[in-house]
Amino acid sequence: MKQDSLTIPGLLVASLLGSILVAALLEGRGAHATLGEERLFLPDAKYLKPILLGFHGVAADLLWIRTVQYVGAHVETDRKFPQLSKALDLATSLDPHFLEPYRYGGLYLLYLAGQPQAAVSLLEKGAAANPDRWELPHDLGRYYYLEARDDGQALHWWERAAKLPGRPEYLPRFVARLYAQTGHAEMAIELWSELYRTAQNDFVRSL
């Protein structure tokens, strides 16, 4: 049987299921609820995935949009986010390679919900699912450096991020400075020497 003959019925079924899912995700509150009672429809990922027929990314996109709306509603009212962590976990379980829920969701958990451990767990989940992306270990390093004041953990994550393709040019400098701050003078000197040797312009060499 040709693939096209399977694709069209499959798309029709997925469209129907998608419509049901969209309606559920967008039904944030009952007709008589106030804005502060904004709630999300959050089924368990293991039950939701089989009915999506592979359209996990679409569902994750919809849930992420709905989560942003949820956050906005509660920022304007009670500033409480009881469903935020679960919503982010579901979105990233549906599409483990969707970076926005990890990165912005981590910021929401940290600065709005006051849940640093949930933020760290979310970013660690993302780093494990996306080992070739620099953004998530970068964000973990930033948290440990600026918020937790843990130079050792910041060094661990930034060193990992600095080895990945596409990372910002400043990351190796941060790693070298952290090696110096954590008492690894020889490694810091070695890294600074390598940065000087491989720098493409005089400005970078002068840093």
Side-chain angles (χ1 to χ4, degrees), residues 40 42 44-45 56-57 59-61 63-68 70-72 74-75 79-192 194-195 198-199 204 207:
L40 297 171
L42 300 173
D44 193 296
H56 303 153
D61 288 343
L63 180 54
W64 172 238
I65 292 170
R66 189 70 188 87
T67 302
V68 173
Y70 167 84
V71 169
H74 283 271
V75 165
R79 300 189 68 82
K80 295 178 181 179
F81 311 90
Q83 292 185 287
L84 179 56
S85 182
K86 185 176 180 181
L88 294 168
D89 183 64
L90 176 57
T92 54
S93 294
L94 291 174
D95 186 354
H97 306 301
F98 185 15
L99 293 193
E100 285 190 15
Y102 296 117
R103 303 199 72 196
Y104 294 105
L107 293 175
Y108 291 161
L109 287 168
L110 180 59
Y111 294 111
L112 294 179
Q115 299 176 33
Q117 189 52 56
V120 169
S121 295
L122 180 69
L123 290 170
E124 287 179 345
K125 176 184 179 182
N130 300 275
D132 296 328
R133 298 300 298 256
W134 63 267
E135 294 93 332
L136 300 164
H138 169 273
D139 291 355
L140 281 160
R142 181 181 59 200
Y143 163 75
Y144 280 111
Y145 186 73
L146 296 177
E147 305 298 332
R149 304 300 176 94
D150 186 334
D151 289 352
Q153 280 294 313
L155 176 59
H156 166 75
W157 289 108
W158 272 340
E159 185 173 30
R160 176 172 166 177
K163 297 175 181 178
L164 295 173
R167 53 89 175 132
E169 291 186 3
Y170 62 76
L171 264 182
R173 299 197 299 273
F174 277 17
V175 170
R177 287 170 182 162
L178 275 176
Y179 265 113
Q181 292 175 18
T182 53
H184 299 83
E186 291 185 4
M187 179 63 75
I189 292 171
E190 182 178 339
L191 287 172
W192 280 118
E194 179 66 12
L195 283 170
T198 59
V204 173
L207 295 175

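Residue numbers run from 1 in the order of the sequence given. Atoms considered below: every heavy atom in the structure, side chains included; atoms not considered: hydrogens, waters and symmetry mates.
- A donor-acceptor pair shorter than 3.5 Å can be found between the side chains of E147 and Y111.
- Judged by distance alone, with hydrogens and angles left aside, the side-chain atoms of Y108 form no donor-acceptor pair with the main-chain N or O of L88 at under 3.5 Å.
- Proximity of a side-chain donor or acceptor of R167 to a complementary backbone N or O of A162 within less than 3.5 Å is detected.
- In this pair, W64 and F98 present their aromatic rings perpendicular. The plane angle is above 60°, beyond the 30 to 60° band.
- Side-chain contact, D95 with H56: no donor N or O sits under 3.5 Å from an acceptor N or O.
- A cation-pi arrangement is found for R103 relative to W134, the charged atom lying closer than 6.0 Å to the ring centre and inside a 45° cone about the ring normal.
- Side chains of L109 and S85 form a contact here, defined as non-hydrogen atoms less than 4.5 Å apart.
- Checked for salt-bridge contact, D89 and K86 miss the test: no charged N lies under 4.0 Å from a carboxylate O.
- Under the 4.5 Å side-chain criterion, counting only non-hydrogen atoms from C-beta, P137 is not in contact with W158.
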**Request:** Take W157 and L136, measure what side-chain contact (heavy atoms from CB on, under 4.5 Å) needs, and give me the verdict at the end.
**Result:** CA-CA 9 Å; W157 289 108; L136 300 164; over 6 Å; no

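- Checking side-chain atoms of H74 against main-chain N and O of F81 turns up no donor-acceptor pair under 3.5 Å.
- Looking at Q115, its side chain never comes within 3.5 Å of a backbone N or O of L110 through a donor-acceptor pair.
- With a 4.5 Å cut-off on side-chain heavy atoms, N130 and Y102 count as touching.
- For the pair D150/Y143, no side-chain contact is recorded, criterion being any heavy-atom separation below 4.5 Å from C-beta on.
- To the nearest 0.5 angstrom, H138 atom NE2 is 13.0 Å from R133 atom CZ.
- Panel note: side chain D132, backbone L164; no donor-acceptor pair is recorded below 3.5 Å.
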